[in-house]
Each structure stands twice: as C-alpha cells, then as structure tokens.
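This report concerns only the one structure given below.
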2 protein chains.
Amino acid sequence: MTAEARPATPPLTERQEARRRRILEATAELARRGGFEAVQMREVAEAAEVALGTLYRYFPSKVHLLVATLQDRLQQLRAALRARPPAGDDPAARVTEALMRAFRSMRREPQLADAMVRALTFADRGAGPEADAVSRLTTAIILDAMGTGHPTPDQLCAVRVIEHTWHSALICWLSGRESIAQVRTDIETACGLIGPAAP
Amino acid sequence: MTAEARPATPPLTERQEARRRRILEATAELARRGGFEAVQMREVAEAAEVALGTLYRYFPSKVHLLVATLQDRLQQLRAALRARPPAGDDPAARVTEALMRAFRSMRREPQLADAMVRALTFADRGAGPEADAVSRLTTAIILDAMGTGHPTPDQLCAVRVIEHTWHSALICWLSGRESIAQVRTDIETACGLIGPAAP
DNA sequence: AGCCAGTCTGAAACTTGTTCTAGATTAGCG
DNA sequence: CGCTAATCTAGAACAAGTTTCAGACTGGCT
C-alpha cells in the first residue's frame, strides 16, 4: 500500500507536479463545459499555462489525458467510499450502492463523464497500461464494497461481469440510449450474480 | 416484418445502391488491413471510386460509416444463426453458443472488428439512431437464441446485462486487456442470469 | 561560478476528419 | 428531345490532434 501506484515514473519535481496538476485541472474544467470535443489540446495547454509540446510530454495523447483524469476521479471516489462505506446487509446490495453512488457522481457532471468514458472506450492498445489501471481501480472499488476477504474464482467472474455492465450501461446512458432507471436495474441484475454468498 | 428497416430513406436507384455497396466494401477491406485508423475517408472514397463529398452524403461521418458496416455484419451473422441455430439444451447454453460464434467471426478479422466496435463505442448522440439499430440487432440475436416466445421482464434485464457484457468484453479483448478464455467465461457467467428458465 | 543534460517554450508543419464551392452528370418528366 | 432539380465530381479550405525544431531555461554537478 505504501508503494504508490507509480511503477516506472521518475520522481517529479515540485514544479512538474504542479504542472501536471494544472493540466488535469484545465482538462476537467474544459470537459465539464463542453464534453469530449471541448477538450482541445491547444486550449488545455493554454489554460494550464504550458506549451503544447509540454502537454504532450506529460500526456502522449488526448486519450491518455482523459483516461488519466478518470483515474484521478476514481481514486477520489474510492477514498470517499472508504470514508463512508455502503451499508447494505448483503454484498450484492453494497456493491449496487457503491456503483450507484459512482453513477450519481457521474450524473453531477455529465459532460465530464462523457469525455472521460468516451476516451476510455476509445483507448486502444496504445493506451493499454492506463486503461488497465482504470480497470484495476474499478475492480478494487467493487471488491471493497463486497467486503469479503479474498474472493472465490466464481466471485471474480461475477465482478468482471458487473464491471462490464457498469461500464457499458454508463456508455448507453451517456449516449441517451438508456434511462437512469434502466442503468440501476442493469446494475442490480448484474449484482445478483454475487448471490447471498457465504455468511 | 415486411416493412424493411428503412424508415425515412428514399428508395435508391440501382447505381446508388451499387455505390453504397462499394463504399461499404472498401471500408471493410481497409479496416481488415489496418483497423480503425486505416479507414481514412479519402482512401475509402478513392477505393470506392466515389468523390469525397459523395461519401459524406451517404455516410455523414466516419463513425456512421463504420457503424453501418457493423450493422451489415450483424445482419449476416443473424441470418447465419437462423440458418443453423445453436443446439444447446437450455436457453443459457444456446445464447452462449450464439455469442461465441459471433465472437469467433470477430476473431477471424480482428482489425475489422476493432474498427467497427471502436466506432460503435465512440458513437455519441450524433450517431444515436444507427447505434440503436445495432443494439436492437444484438438483442434480437440473443432473443433468437433463447428461443422462448415472449420474454419476461426479468429475462429482458438479463438480456441487457448479457449484451453489456458481450460488448464490453469484446472491447477488452480487442485492446488486449482480456484473453479469449476470459471472454468466454464472462459470457457464460452473464448467461447464467437466464437461469434454467421455465420448461 | 561554469557547464551539461534534460526540460520547457513558441511557432510552424503535417495529418486526417469534415465542410464548402463551382461546374459536370444524371434522373425524371412533359 | 429539352428542361429542371437533384446528384456527383474535383479540389480547395478549414479544424483539431500530433509532430518537429530551434532556442531559452532549470537543476544538478564539480
């Protein structure tokens, strides 16, 4: 836990850390306003007071940039969930609540959500590691909510299906193809796979 | 059933039908070779012997073009499945088999699959109707495989989760984040939601 | 202090999706 | 046939992601 999730990243100086943060801030702000297309690399660079080339040094593409933003948000979300964990009786209910809370935070800033999620689904092999990190974070959030010590293989399968459902339902909602109620139903249905589980 | 799925499309002349077909052919061919990024509008136009403006008249964006290609494939797939339906004993097994056959056809041309699926997930509200058609086709394929007359609401929920899983697992596999075996497991797990069902 | 390597900046260039325009072709119709 | 509206073509032009480059700046080292 102490070994932060930064495998091969050389330590950044303070100014560099600040730059990185400014970039992520600017990205989120632009995305909040106009979604994916409003996040234009030149504008991000300008808003973050950084040269375009520098932006590309920190984040090698628009997709990387937005996926990193998502990663950021998920980390905050996970922390919030740790601070006030879902309080259902059985694991399925807790996972549902956790994901619905996540969904609510997406609904609060739909344009930002759109930008981040579209970037994630668009991420190809080039952004593999970053997308992977997001996936691992999501898994961790679900496992946190389940609360069972070490999950069985069956449970891991269920978690993967839940994750797929969460992800795809979110996309459908963002493109107006699915209602909020349906998203909830889908998540509940998928969480049914966890079963009442062992006591 | 007789009212083809062409709501507002004025009837095309023979030459126009041929152009449309040439465009879709060229798209598939380019995609097969180099995936999403190899499908460049200028190249499609040239390969289809059509002016760029015409290409855009037929398909208002690259996303539309690729989603239409996917729609095309799914129709063929559905026909193939009708011709030789999956032969499992229970609905869950049949749906699994249908989806695994679909998956196999994707594996045969991974670059093409990549292009089509990336376009689909990238489709925003602008390409809503087209993406919807793809979704309805997928649902139809699953319902075909289930074989139950009219599904219960619960079953429809299950179908939606299966669809989400299929879709998202496919993306994960395409970006190298999930193995073929995992895709199968995920689909089987999701299909478990159908249950042995009523006799 | 002086130097080196790495980093940052500003600006231009390149790529590819998308739009626009002017003129040629075509289809349908009297 | 000859007319008209729609369609098609060729090509320029525009927009935004990405790359490149020369020069300025920074941080660490002796």
Side-chain angles (χ1 to χ4, degrees), chain A residues 8-23 26-27 30-31 33-69 114-116 118-120 122-127 130, chain B residues 8-23 26-27 30-31 33-69 115-116 118-127 130:
Chain A
T9 315
L12 301 178
T13 74
E14 214 167 305
R15 298 168 58 97
Q16 288 176 321
E17 196 59 64
R19 263 188 213 108
R20 195 186 132 89
R21 197 104 311 269
R22 280 207 309 279
I23 292 174
T27 303
L30 286 169
R33 286 223 262 280
F36 186 86
E37 32 222 43
V39 179
Q40 301 190 357
M41 301 304 268
R42 288 173 238 259
E43 292 209 29
V44 172
E46 189 181 2
E49 299 181 293
V50 147
L52 192 55
T54 307
L55 173 54
Y56 273 95
R57 169 183 285 276
Y58 280 74
F59 302 95
S61 80
K62 179 168 170 174
V63 166
H64 284 81
L65 176 56
L66 283 166
V67 172
T69 304
D114 176 70
M116 296 188 302
R118 292 258 293 287
L120 180 64
F122 198 62
D124 58 346
R125 290 188 147 74
E130 286 76 1
Chain B
T9 315
L12 300 178
T13 74
E14 213 169 303
R15 295 167 59 98
Q16 287 176 322
E17 196 58 66
R19 263 187 213 109
R20 196 187 131 89
R21 197 102 311 270
R22 279 208 309 279
I23 292 174
T27 303
L30 285 169
R33 286 223 261 280
F36 187 85
E37 31 223 41
V39 178
Q40 302 190 356
M41 300 306 266
R42 287 172 238 262
E43 293 210 27
V44 172
E46 189 180 3
E49 299 181 294
V50 148
L52 192 54
T54 306
L55 173 52
Y56 273 94
R57 169 184 285 274
Y58 280 75
F59 302 95
S61 81
K62 179 169 171 174
V63 166
H64 284 80
L65 176 56
L66 282 166
V67 171
T69 305
M116 297 187 302
R118 292 258 293 287
L120 181 63
T121 65
F122 197 62
D124 58 346
R125 289 186 149 75
E130 285 76 2

In whole angstroms, the gap separating P of C:dT16 from CG of B:Leu55 amounts to 16 Å
Between C1' on C:dG17 and CZ on B:Phe36, what's the gap in Å once rounded to a whole number? 10 Å
Nearest whole Å is fine: how far is D:dG17 P from B:Glu37 CD? 16 Å
Run the side-chain hydrogen bond (donor to acceptor under 3.5 Å, both in side chains) test against A:Arg19 and tell me which residues pass, sequence neighbours left out. none
Given side chains that start at C-beta, do those of B:Met41 and B:Leu65 come closer than 4.5 Å, heavy atoms only? yes
Side-chain N,O (B:Tyr58) to OP1/OP2 (D:dC8) below 4.0 Å: yes
For C:dA27 and B:Arg15 - does any side-chain N or O of the residue sit under 4.0 Å from the phosphate oxygens OP1/OP2? yes
Name the closest nucleotide to the A:Tyr56 side chain, picking from D:dT19, C:dG17, D:dA16. D:dT19
Looking only at heavy atoms, what is the nearest atom pair of B:Leu30 and B:Ala38, with distance? O-CB, 3.8 Å
Shortest side-chain distance from B:Arg19, nucleotide among D:dT19, C:dT9, D:dT9: D:dT9
Provide, to the nearest angstrom, the distance between the CD atom belonging to A:Gln40 and the C1' atom belonging to D:dA15. 8 Å
Distance, rounded to the nearest Å, where B:Glu17 contributes CD and D:dT7 contributes P: 15 Å
With sugar-phosphate meaning primed atoms plus P, OP1 and OP2, does B:Glu49 contact a base, only sugar-phosphate, or nothing at under 4.0 Å between heavy atoms? sugar-phosphate
Could you tell me the separation between the CD atom of A:Glu46 and the C1' atom of C:dG10, rounded to a whole number of Å? 13 Å
Please classify the nucleic acid contact of B:Arg42 as base, sugar-phosphate, or nothing, using heavy-atom distances under 4.0 Å. base
Let me know the distance between CG of A:Leu52 and P of D:dT19, rounded to the nearest Å. 10 Å
Winner on side-chain proximity to A:Lys62, out of D:dT18, C:dG17, D:dT9, is D:dT18
Phosphate contact (C:dT26 OP1 or OP2) by B:Gln16 side-chain N/O below 4.0 Å: no
Validation row: B:Arg20, B:Phe59 side chains within 4.5 angstrom (heavy atoms): yes
Please work out if B:Val39 contacts a base, only the sugar-phosphate, or nothing of the nucleic acid, heavy-atom cut-off 4.0 Å. sugar-phosphate
Indicate whether OP1 or OP2 belonging to D:dT9 is found under 4.0 Å from a side-chain N or O atom of B:Thr54. yes
Keeping B:Gln16 on the side-chain end and B:Thr13 on the backbone end, is there a donor-acceptor pair under 3.5 Å? yes
Which whole-number value in Å describes the distance from B:Met41 CE to C:dC20 P? 15 Å
